[in-house]
Amino acid sequence: MRAADFMVCFAYMVITRDTRKQTAVTPAKTARESDAFEQTLRPRMIADYIGQSDVKSHLLVHMEAARKRSEPLGHTLLHGAPGLGKTTLAHIIGREMNAQVRVTSGPAIEKPGDLASLLTNLESGDVLFIDEIHRMRPAIEEVLYSAMEDYCLDLVIGKGPTARSMRLELKPFTLVGATTKAGAISAPLRDRFPHVFKLSFYTREEMEQVVERTSRILQIQLAGGVADRIACSCRATPRIANRLVRSVRDFAQVKSESTITMDRVRSTLDALGIDEAGLDRTDRAILSAIVDKFGGGPVGLSTLAAITAEEEDTLEDVYEPYLLQQGYLHRTPKGRMATRQAYELLGLNVPDTMQSALFS
Ligand code: ADE
């Protein structure tokens with residue numbers, strides 16, 4: 001890191017030393033209504049967390065071992081598609097380790113001093129949760145290295161020949177990083193996480209359990225088969241399941257229905273543009289664009305983004321992972337291609353050229 005950055009960083013720490021509460025949670029997190037709703041449904045302990053059984057069992061071992069050594073859990077990187085429960089797990093780690101969780105995000109840390117301030121305000125054992133850690137600037141990332149490795153900050157005070165270096169001790173802490181783009185994390189940062197966990201899409205049975213749990217918490221009665229029907233329509237993602245349950249509840253409430261029926265689920269899904277396969281309008285627009293305008297592909301990401309009026313990042317991080325996982329989309333070095341399954345979903349004839357195993 002440049003000396004000038006260290007100076008800024010040091011000055012910032014001096015100024016913010018007494019503003020613990022303000023600096024602990026950066027402005028990136030605002031209490032949006034949907035966040036509040038999500039939080040009421042979030043499992044609080046690992047025993048309540050449905051799915052991700054490998055991640056849970058490894059975490060339980062590492063947390064117990066750390067507790068036995070009276071140490072914080074090793075730094076932990078969580079990656080996976082949005083809505084799969086990375087933030088939820090970070091808070092669970094905090095509770096299971098009886099530690100405070102300080103929340104920030106990569107883009108919210110604008111200067112090295114912002115991070116230095118967060119780090120110097122951590123208590124022993126605290127969890128620092130950095131969401132979207134792949135969006136952290138390189139100069140800021142460098143501050144993290146010594147903090148992660150040695151629990152210290154190396155500072156340079158002054159400029160030019162009179163500059164002095166100073167080492168500031170930090171309390172032992174756990175960094176939990178979350179990202180939707182594991183590949184965008186630099187190797188030096190990734191290598192400093194002893195624990196790296198990938199969150200996968202949930203199975204249909206797990207999603208059904210999530211829907212039932214959410215309905216229980218919201219005191220919603222579900223008719224037979226409804227939990228499974230909702231579970232099939234939420235892109236294998238708990239956050240979407242929770243939103244769907246809430247939408248269906250609202251549609252039922254307007255009609256003064258005390259139990260959610262299969263008909264109410266169908267009509268709500270119709271109104272939301274979600275089809276039998278659980279794909280929404282944007283999913284279908286992506287596949288239609290590839291099929292109708294480019295004969296099935298390959299199409300470059302930027303072209304696809306322009307045609308669907310979505311950001312490239314949104315396509316890559318939000319839509320594509322599920323379409324790939326479900327086998328509707330194929331990524332090749334030349335671009336995105338629709339698969340045979342995509343043609344079938346759109347009710348189109350599968351082209352003769354698509355008989356090869358690659359696309360079936
Ligand atoms: N709500 C959101 N994610 C969940 C999960 N994995 N288990 C239980 N409830 C959830």
Side-chain angles (χ1 to χ4, degrees), residues 29 31-63 73 76-97 101 103 105 127 129-133 176-180 182 195-222 226-250 260 265 268-269 272 274 278 280 317-319 321-322 325-326:
K29 274 274 168 201
R32 282 175 291 133
E33 194 248 345
S34 58
D35 282 355
F37 167 77
E38 275 290 315
Q39 277 165 27
T40 58
L41 300 176
R42 272 186 192 155
R44 296 176 62 78
M45 303 303 279
I46 217 153
D48 310 320
Y49 190 98
I50 295 158
Q52 312 294 349
S53 50
D54 283 355
V55 177
K56 284 190 299 191
S57 61
H58 282 104
L59 261 180
L60 280 169
V61 169
H62 297 308
M63 288 193 297
L73 173 71
T76 301
L77 181 65
L78 305 171
H79 63 102
L84 296 182
K86 298 183 288 296
T87 304
T88 304
L89 262 188
H91 286 280
I92 286 177
I93 289 171
R95 260 181 236 106
E96 296 275 354
M97 296 303 291
V101 181
V103 180
S105 74
V127 170
F129 175 55
I130 307 186
D131 201 6
E132 298 188 79
I133 196 166
V176 178
T179 179
T180 49
H195 311 304
V196 178
F197 297 116
K198 178 179 181 350
L199 301 198
S200 320
F201 285 110
Y202 290 64
T203 65
R204 182 169 165 170
E205 291 74 28
E206 288 163 353
M207 286 314 312
E208 190 174 347
Q209 288 173 43
V210 171
V211 170
E212 282 166 351
R213 178 180 177 275
T214 299
S215 305
R216 252 194 328 274
I217 294 171
L218 298 178
Q219 301 182 320
I220 300 170
Q221 296 268 344
L222 302 179
V226 159
D228 180 54
R229 182 70 192 79
I230 297 176
C232 294
S233 307
C234 52
R235 306 170 67 88
T237 304
R239 185 188 293 159
I240 299 181
N242 290 342
R243 282 195 203 138
L244 270 184
V245 171
R246 185 160 73 156
S247 292
V248 174
R249 175 189 65 172
D250 285 356
I260 308 290
V265 175
T268 306
L269 292 172
L272 297 174
I274 297 171
D280 67 16
D317 300 345
V318 178
Y319 290 100
Y322 187 66
Q325 194 249 7
Q326 292 289 298

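The figures here come from the full heavy-atom set of this structure, side chains too, leaving out hydrogens, waters and symmetry mates. Keep in mind the model is a prediction, meaning the values are calculated, not measured. When a ligand or atom number is given, it counts from 1 through the structure's own listing order. Just so you know, residue 1 is the first one in the sequence shown, and it goes up from there.
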(request) Answer yes or no: does atom CD of Q325 have more than 12 heavy-atom neighbours from other residues, nucleotides or ligands under 6.0 Å? (result)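 Yes, the 6.0 Å shell around CD holds more than 12 heavy atoms from other groups.
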
(message) Using a 6.0 Å cut-off, check whether atom CZ of R95 has over 12 heavy atoms from anything other than its own residue.
(response)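 Yes - once you tally the heavy atoms of other residues, nucleotides and ligands closer than 6.0 Å, there are more than 12.
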
Between ligand 1 and the protein, tabulate every N or O atom pair separated by less than 3.5 Å, reporting distance only.
from, atom 1, to, atom 2, distance (Å)
ligand 1, 6 (N), I50, O, 3.0
ligand 1, 6 (N), Y202, OH, 3.2
ligand 1, 7 (N), I50, N, 2.8
ligand 1, 9 (N), R213, NH1, 3.1

(message) With heavy-atom distances below 4.5 Å as the criterion, would you say the side chains of V248 and I220 are in contact?
(response)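 Counting from C-beta outward, V248 and I220 never come under 4.5 Å.
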
(request) Measure the shortest side-chain to side-chain distance between R229 and L269 over non-hydrogen atoms and say whether it is less than 4.5 angstrom. (result)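 Yes, their side chains come closer than 4.5 Å.
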
(request) Decide yes or no on side chain to side chain contact (heavy atoms under 4.5 Å, CB included) for I133 and L77, but give the supporting numbers first. (result) CA-CA 9 Å; I133 196 166; L77 181 65; 4.0 Å; yes

(request) Return the set of residues passing ring-ring contact (aromatic ring centres under 6.0 Å, His included) with H195 (not counting sequence neighbours), or none when no residue passes. (result)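 By the ring-ring contact (aromatic ring centres under 6.0 Å, His included) rule, H195 matches H62.
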
